[in-house]
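Proteins get letters first, then strands, A, B, ... in listed order; numbering begins at 1 in each. Keep in mind that this is a model prediction, so the values were computed, not measured.
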Protein chains: 2
Amino acid sequence: MTVRHLSESTEMYLKAMVELSDHEMVMVPRLAERLGVTPVSANEMVRRLGEQGLVSHTPYKGVNLTKKGREAAVNVLRRQRLWEVFLHDHLKIEWSHIYEYACSLEHATAPEVTEALAAFLGDPKTCPRGNPIPATDGSFKPLEGISLGELKTGDKARILAVNATATDVLQYLQERDILPGRELRVVEVAPLQGPLTLEVGSRITALGLSMAEFVIVKLIKS
Amino acid sequence: MTVRHLSESTEMYLKAMVELSDHEMVMVPRLAERLGVTPVSANEMVRRLGEQGLVSHTPYKGVNLTKKGREAAVNVLRRQRLWEVFLHDHLKIEWSHIYEYACSLEHATAPEVTEALAAFLGDPKTCPRGNPIPATDGSFKPLEGISLGELKTGDKARILAVNATATDVLQYLQERDILPGRELRVVEVAPLQGPLTLEVGSRITALGLSMAEFVIVKLIKS
DNA sequence: CTATAAAATAAGGCTAACCATAACATTTTT
DNA sequence: AAAAATGTTATGGTTAGCCTTATTTTATAG
């Protein structure tokens with residue numbers, strides 16, 4: 001049915017693809033950025049993934065996952081987010097660190113362990129960063145929401161998920177209480193890619209646009 | 001103080017060394033056997049470990065761990081055995097599989113996660129295979145017991161630990177109820193490296209010598 | 001003390017993932 | 001339509017960890 005055993009690197013590429021655009025084409029250099037490798041290396045790897053039938057690449061148009069690739073990617077996501085739940089709820093690991101640690105564990109997790117873990121956790125549907133956890137059968141509908149960067153002055157919204165992966169970014173956001181479930185109001189949007197001024201709880205915070213991109217929100221009708 | 005980050009392969013070598021002889025010299029080909037690599041590869045790797053100050057190798061005499069190497073090795077053991085406890089007690093993974101799964105996880109476990117896991121598990125002292133779990137500070141006294149292979153006809157003993165690592169061997173032993181805590185009696189020791197005949201519970205079982213080597217027991221005075 | 005077995009080393013090769021630099025192709029902008 | 005920006009490919013290099021096939025060194029048993 002699905003795939004035997006994929007290298008850690010392969011899993012990271014697949015996960016990156018599903019994380020930064022589900023179903024749309026991704027330019028290879030965008031992938032490279034997210035994975036912290038050079039575009040040349042990413043191209044090389046994409047070729048290898050193509051040979052394995054995991055992605056299809058149309059030069060100058062982008063890559064996307066094949067059916068097989070998406071299955072594998074969703075499976076990685078499942079493992080990762082289950083570990084996130086465990087690390088957060090049971091081990092009480094600090095929120096900003098769980099992504100990093102879960103990411104190491106995910107590659108070392110056999111199917112039997114994944115399912116036992118899911119059962120132990122009570123089949124959670126959401127991870128601590130707010131993202132949905134794919135089901136065993138691979139069914140998975142990505143969060144419907146918009147990026148915080150798309151809001152206008154005066155908009156009110158609830159934070160659905162925080163998709164940052166770097167520990168320091170997560171820490172920065174955590175310090176400002178920008179966490180799943182919180183509600184916020186956009187006080188001001190500065191021009192020229194300038195920062196957003198937000199009111200979260202009763203705090204006023206400035207947030208750069210690039211960080212705001214990581215925050216998925218749902219507009220609250222007002 | 002201790003070491004930054006060791007590769008998975010490095011950790012496996014260190015663990016193998018502490019597992020198959022604590023404090024005694026090990027011949028490199030013995031290491032190679034346990035790790036499933038050729039003696040040539042093991043020699044190469046031992047050289048690299050030597051350069052990192054983790055082992056010291058005296059040609060034709062054997063290798064042993066340096067202080068630094070032993071610290072690292074004991075740390076790996078700690079992580080591994082903690083995961084074994086989690087997999088067995090909480091995830092209810094089958095006994096014969098926990099070594100294999102724990103072994104993957106151990107290499108992906110940061111210190112913060114290790115300690116949080118230990119706390120979550122209630123600082124267990126023993127893993128499901130019967131081995132002691134090293135403490136955070138690295139203190140660790142190996143089990144004192146003898147190998148089942150050293151027993152004589154008529155001896156009675158209690159099984160302290162089962163040190164096999166291969167899943168199929170563990171399964172074989174599990175099927176014959178050769179598990180930590182069980183008591184047994186040696187019915188017969190066949191000559192010429194022949195099998196032992198054992199009475200475990202009320203069952204009579206024949207066990208080859210090489211498998212018996214994996215079983216650590218304590219003689220019961222009679 | 002020499003013969004044999006065991007351990008070690010030498011030499012050359014392979015793979016997955018990375019890197020840099022440079023050339024080339026395509027898309028987008030002006 | 002030309003220039004600029006972006007994406008891709010070519011080429012050659014690196015590292016860790018493995019491999020095989022000799023060859024050499026040492027330990028040990030007769």
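- A salt bridge links B:Glu115 with B:Arg78; the closest basic N to acidic carboxylate O contact falls under 4.0 Å.
- For the pair A:Gln52 CD and C:dA17 P, the computed distance is 8 Å after rounding to whole Å.
- The nearest whole Å value for the distance from the CE atom in A:Met27 to the P atom in C:dT26 is 13 Å.
- Rounded to an integer number of Å, the gap from A:Leu31 CG to D:dT8 P is 10 Å.
- As a whole-Å value, the separation of B:His107 NE2 from D:dG17 P is 12 Å.
- Taking the charged nitrogens against the carboxylate oxygens, B:Glu33 and B:Arg30 do have a contact shorter than 4.0 Å, which makes a salt bridge.
- Taking side-chain N and O atoms only, B:Tyr60 has no distance below 4.0 Å to OP1 or OP2 of D:dT24.
- A straight line from CD of B:Glu8 to P of D:dT15 spans 22 Å, rounded to a whole angstrom.
- For A:Tyr13, a side-chain nitrogen or oxygen approaches OP1 or OP2 of C:dC18 to under 4.0 Å.
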Determine whether A:Leu179 and A:Val162 satisfy the following criterion, side chain to side chain contact (heavy atoms under 4.5 Å, CB included), listing intermediate values before the conclusion. CA-CA 7 Å; A:Leu179 298 170; A:Val162 177; 5.7 Å; no
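- The nearest heavy atom of DNA chain C to A:Pro59 and to A:Thr10 marks one nucleotide each, and the one closer to the 5' end goes with A:Thr10.
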Derivation and outcome, side chain to side chain contact (heavy atoms under 4.5 Å, CB included), residues B:Ile216 and B:Asn131: CA-CA 10 Å; B:Ile216 308 299; B:Asn131 286 113; 5.8 Å; no
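- Remark: P of D:dG17 and CD of B:Glu11 are 11 Å apart, rounded to the nearest angstrom.
- Look at B:Lys61 and you'll find a side-chain N or O under 4.0 angstrom from OP1 or OP2 of D:dA27.
- Within the 4.0 Å cut-off from OP1 or OP2 of D:dT8, at least one side-chain nitrogen or oxygen of A:His57 is found.
- Counted within 6.0 Å of CD on A:Glu144, heavy atoms from surrounding residues, nucleotides or ligands total 12 or fewer; the atom is thus considered open.
- The stretch residues 36-45 of chain A touches DNA chain C through A:Gly36, A:Val37, A:Thr38, A:Val40, A:Ser41, A:Glu44, A:Met45, each having a heavy atom within less than 4.0 Å of the strand.
- Of the side-chain N and O atoms in A:Ser9, one or more sit less than 4.0 angstrom from OP1 or OP2 of C:dC18.
- An OP1 or OP2 oxygen of D:dG7 is reached within less than 4.0 angstrom by a side-chain nitrogen or oxygen of A:Arg30.
- Atom CE of B:Met25 is separated from atom P of D:dT26 by 15 Å (rounded to the nearest Å).
- For C:dA17, one of the phosphate oxygens OP1 or OP2 lies less than 4.0 angstrom from a side-chain nitrogen or oxygen of A:Arg48.
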Show your working on side chain to side chain contact (heavy atoms under 4.5 Å, CB included) between B:Val74 and B:Val76 and close with a plain yes or no. CA-CA 5 Å; B:Val74 166; B:Val76 178; over 6 Å; no
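- Heavy atoms from other residues, nucleotides or ligands lying under 6.0 Å from CD of A:Glu24 number 12 at most.
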